[in-house]
Amino acid sequence: MDEGNQTNVSHFILLGFPTSAELQLLLFSVFLVAYLLTLMENIIIILVIRANHQLHKPMYFFLGNLSFLEIWYVTVIVPKMLADFMTQDKRISFQGCMAQLYFFVTFVCTEYILLAAMAYDRYLAICNPLRYPSIMSNRFCAQLAASCWVCGLITAAIKLSFIAQLRFCSIDTINHYFCDISPLLNVSCTDSSQAELVDFILALMVIMVPLCIVVTSYICILFTVLKIPSSQGKQKAFSTCSSHLAVVVLFYSTTLFTYARPKAMYAYNSNKLVSVLYTVVVPLLNPLIYCLRNKEVKDALRKAKLGTRSTGERS
């Protein structure tokens, strides 16, 4: 095709989940409940961490950052998806699509790196307990969290700079429920090999480098815990990192399937199902995992509930 005759589209149509009207309404209800629960859970965690001085520790500082991130992470995707369930007009402007893509990639990349920072925190706490307070100071924690966000913003900016230069001509239909990288590369009418290569390399870096940090940290933790003589001591050490490990397994297992592979291996239907897992299900489960498997968080929630109840009785 002659590039001089190409015109870029002004909008895209997100196909989403093409089903009957009754099933669309059911999906709308399910995803709406999941979205509201995710917001409520993460807001509660942030408020409990801020209100309870016993939780003013590096581990919970990072947990608060993770909750804050996931509030925006789901908000970038789910409201537009919910609106599309209730209308026949599933259009999204080109600028809106690029904005959604940029923020989504930012939050995904930031979460990868933040989970690695949380693994490093657990490594220091268990393997170097004497040096832990001096290393994980408030300033260093803030710098570490800020670095996670900066890396996510820069990675997303590099990816978007290549994708935004592509032309999409008359092809404006995306077989997905949000603007993701692979669907956009598939509908481009110009050579997208360079953008695909940059996306693949950055995806591998953002996924594999944090994953190596996580694996190395937990190998060191495992060897350290095995040296603890008492079974009670081993159980206490494992309990401080079991919730984080569960979150890592959930997030990495779903996103790795989608982003650490070339466009040629992309499959529409399987990708949409897996995408639902890491854009809706995983953010819903993460706060529950931390609350159910972390004694300090459960105690803080119990105290907050008792405090609210006693205040209500006095009034």
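Note that the numbering runs from 1 along the sequence shown for the chain.
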Describe, in one word, how the ring planes of Phe107 and Trp149 are oriented to each other, choosing from parallel (under 30°), tilted (30 to 60°) and perpendicular (over 60°). perpendicular
To the nearest 0.5 angstrom, please state how far the OG1 atom of Thr173 sits from the CZ atom of Phe168. 13.0 Å
When you measure from the side chain of Ser188 to the backbone N and O of Arg167, does any donor-acceptor pair fall under 3.5 Å? yes
Rounded to the nearest 0.5 Å, what separation is found between the NZ atom of Lys57 and the CZ atom of Phe62? 14.5 Å
Shortest non-hydrogen contact between Glu70 and Asn286, atoms and distance: OE2-ND2, 2.7 Å
What one should report as the nearest heavy-atom pair of Tyr218 and Cys241 is OH-O, 3.2 Å
Non-hydrogen side-chain atoms of Tyr60 and Asn52 separated by less than 4.5 Å: no
Worked verdict on Met136 versus Met59 for side chain to side chain contact (heavy atoms under 4.5 Å, CB included): CA-CA 10 Å; Met136 296 301 291; Met59 181 172 71; over 6 Å; no
Does the ring center of Phe103 lie less than 6.0 Å from the ring center of Tyr73? no
Determine the sole option in Thr110, Leu114, Ile49 for which the side-chain contact (heavy atoms from CB on, under 4.5 Å) test with Asn65 is passed. Leu114
Check: Thr155 side chain, Gly152 main-chain N or O, donor-acceptor pair, under 3.5 Å: no
Separation between CG of Leu288 and OG of Ser243, rounded to the nearest 0.5 Å: 12.0 Å
Report yes or no: do Leu69 and Ile44 belong to one cluster of Ile/Leu/Val/Met/Phe/Trp/Tyr joined by side chain heavy-atom distances under 4.5 Å? yes
CZ (Phe85) and CZ (Phe17) are apart, to the nearest 0.5 Å, by 5.5 Å
Of the non-hydrogen atoms in Leu160 and Tyr102, which two are nearest, and what is the gap between them? CD2-CB, 3.7 Å
Would you say the side chain of Phe104 lies within less than 4.5 Å of the side chain of Thr279, judging by non-hydrogen atoms? yes
Do other residues, nucleotides or ligands put more than 12 heavy atoms under 6.0 Å from the CG atom of Asp89? yes
Report the C-alpha distance between Asp180 and Ser182 in whole Å, list the side-chain angles of each, state the deciding distance to 0.1 Å, and finish with yes or no for side-chain hydrogen bond (donor to acceptor under 3.5 Å, both in side chains). CA-CA 6 Å; Asp180 203 359; Ser182 291; over 6 Å; no
Any side-chain heavy atom of Leu37 sitting closer than 4.5 Å to one from Met40? yes
Would you please say whether a donor-acceptor pair under 3.5 Å links the side chains of Thr75 and Tyr35? yes
Look up atom CD1 in Ile221 and atom OH in Tyr123, then write down how far apart they are to the nearest 0.5 Å. 9.5 Å
What one should report as the nearest heavy-atom pair of Thr38 and Asn42 is O-ND2, 2.8 Å
Is there a donor-acceptor contact under 3.5 Å from the side chain of Ser253 to the main chain of Leu250? yes
Is the side chain of His176 donor-acceptor paired with the backbone N or O of Leu14 at a distance under 3.5 Å, no angle test? no
I'd like to know if the side chain of Lys272 reaches the main chain of Gly16, judged simply by a donor and an acceptor atom lying under 3.5 Å from each other, with no hydrogens or angles considered. yes
Audit row: Thr255, Tyr252, side-chain hydrogen bond (donor to acceptor under 3.5 Å, both in side chains) steps and yes/no: CA-CA 5 Å; Thr255 55; Tyr252 272 84; over 6 Å; no
In terms of hydrophobic clusters joined by side-chain contacts under 4.5 Å, are Ile181 and Ile201 together? no
How close do Ala34 and Leu284 get, heavy atom to heavy atom, and via which atoms? O-CD1, 3.8 Å
Go through the steps to decide whether Phe28 and Met86 satisfy the test side chain to side chain contact (heavy atoms under 4.5 Å, CB included), and finish with yes or no. CA-CA 8 Å; Phe28 171 83; Met86 303 304 291; 3.6 Å; yes
So, applying side-chain contact (heavy atoms from CB on, under 4.5 Å) with Ser192, which one of Leu185, Asp199, Val187, Leu197 is it? Leu185
Do Val280 and Val74 have side-chain heavy atoms sitting under 4.5 Å apart? no
Is there a path of hydrophobic side-chain contacts, each under 4.5 Å between heavy atoms, that joins Val247 and Ile213? no
Identify the heavy atoms of Ser161 and Ile158 that sit nearest to each other, and give their distance. OG-O, 2.6 Å
For Tyr290 and Ser67, does a side-chain donor sit closer than 3.5 Å to a side-chain acceptor? no
Could you check whether Lys90 pairs with Asp84 (Lys NZ or Arg NE/NH1/NH2 to Asp/Glu carboxylate O, under 4.0 Å)? no
Cys97 and Cys179 SG atoms less than 2.5 angstrom apart: yes
Roughly how far, to the nearest 0.5 Å, is the CD atom of Glu196 from the CG atom of Asp191? 9.5 Å
Pair Leu26, Leu23 - check side chain to side chain contact (heavy atoms under 4.5 Å, CB included), show working. CA-CA 5 Å; Leu26 176 62; Leu23 189 54; 3.9 Å; yes
Hydrophobic clusters here meaning ILVMFWY residues chained together by side-chain heavy-atom distances under 4.5 Å, can you tell me if Val150 and Ile113 are in one? no
Can you tell me if CE on Met205 sees more than 12 non-hydrogen neighbours from other groups inside 6.0 Å? no
Decide whether Leu144 and Val209 are clustered together by the hydrophobic rule: side chain heavy atoms of Ile, Leu, Val, Met, Phe, Trp, Tyr closer than 4.5 Å, transitively. no
Gln100 (side chain) donor-acceptor with Val76 (main chain) under 3.5 angstrom: yes
Check against side chain to side chain contact (heavy atoms under 4.5 Å, CB included), Met98 and Phe94: CA-CA 6 Å; Met98 292 299 107; Phe94 180 83; 3.9 Å; yes
Just wondering, more than 12 heavy atoms not from Gln143 lying within 6.0 Å of its CD? yes
